[in-house]
K.L.:
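Here it is, the structure, as structure tokens.
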Amino acid sequence: MREVSSFITYKDKDYKIVFNLNVMEAIQSEYGTIDKWGELTEGKGGETDVKALIYGLREMLNEGIDIENEENGTNIPAFTHKQVGRILSEVGIKTTSEAVKDLVVDSVKTE
């Protein structure tokens, strides 16, 4: 597994999303396994579990913010659950789900 990042655009601003061991640990703590969380966010049971998608996206966005703050000495506040829900509403569930899935898959690809 390697750390990977990407960006999502919301209201003409790019936000870094990161998938790394910190995010993986948070998701495993909340959902048991990455696979279980992935099934929920991909809608394999019929529809996307929005709470699971918001949770994972929030962890990825906030990890990007933490990295930005550490590297640049900034103090950007973390996103709340509701703020991420608004981002998801604007960007779209399908677009966001695909971006998150691609990020997770890319993190486990071997070089």
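Predicted model only: the values in this text are computed from it and were never measured.
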K.L.:
Just list the side-chain donor-acceptor pairs under 3.5 Å for residues 13-28, sequence neighbours left out, or say none.
P.N.:
from, atom 1, to, atom 2, distance (Å)
Asp14, OD1, Thr9, OG1, 2.5
Asn20, OD1, Asn22, N, 3.0
Asn20, OD1, Val23, N, 3.2
Asn20, ND2, Glu3, OE1, 2.9
Asn20, ND2, Glu63, OE2, 2.8
Asn22, ND2, Glu63, OE2, 2.9

K.L.:
Quick one: closest heavy-atom pair of Ile65 and Ala78, and the distance?
P.N.:
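Reported closest heavy-atom pair: CD1-CA, 4.2 Å.
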
K.L.:
Going by the side-chain hydrogen bond (donor to acceptor under 3.5 Å, both in side chains) test, which pairs reach into residues 67-78, not counting sequence neighbours?
P.N.:
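Sorted result for residues 67-78: Glu68-Asn72, Asn69-Thr74.
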
K.L.:
Less than 3.5 Å apart, which donor and acceptor atoms pair up between the side chains of residues 86-106 and the rest of the protein, not counting sequence neighbours?
P.N.:
from, atom 1, to, atom 2, distance (Å)
Ser89, OG, Gly85, O, 3.0
Thr96, OG1, Gly92, O, 2.7
Ser97, OG, Ile93, O, 2.8
Asp106, OD1, Lys109, NZ, 3.3

K.L.:
Output the distance between atom CH2 (Trp37) and atom CG (Leu53), rounded to the nearest 0.5 Å.
P.N.:
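Separation between the atoms: 7.0 Å.
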
K.L.:
Do Leu57 and Ile76 share a hydrophobic cluster (ILVMFWY, side-chain heavy atoms under 4.5 Å, transitive)?
P.N.:
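Same cluster.
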
K.L.:
Residues in side chain to side chain donor-acceptor pair (under 3.5 Å) with Thr80, at least two apart?
P.N.:
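So Thr80 forms a side chain to side chain donor-acceptor pair (under 3.5 Å) with Gln83.
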
K.L.:
Quick one: side-chain hydrogen bond (donor to acceptor under 3.5 Å, both in side chains) pairs with a partner in residues 49-58, sequence neighbours left out?
P.N.:
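Pairs touching residues 49-58 that pass the test: none.
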
K.L.:
State yes or no: do Tyr31 and Val50 share one hydrophobic cluster built from I, L, V, M, F, W and Y residues joined by side-chain heavy-atom distances below 4.5 Å, directly or via other members?
P.N.:
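Both belong to a single hydrophobic cluster.
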
K.L.:
Consider only side-chain heavy atoms of I, L, V, M, F, W and Y, link residues closer than 4.5 Å, and tell whether Ile67 and Ile8 are in one cluster.
P.N.:
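Result: no, two separate clusters.
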
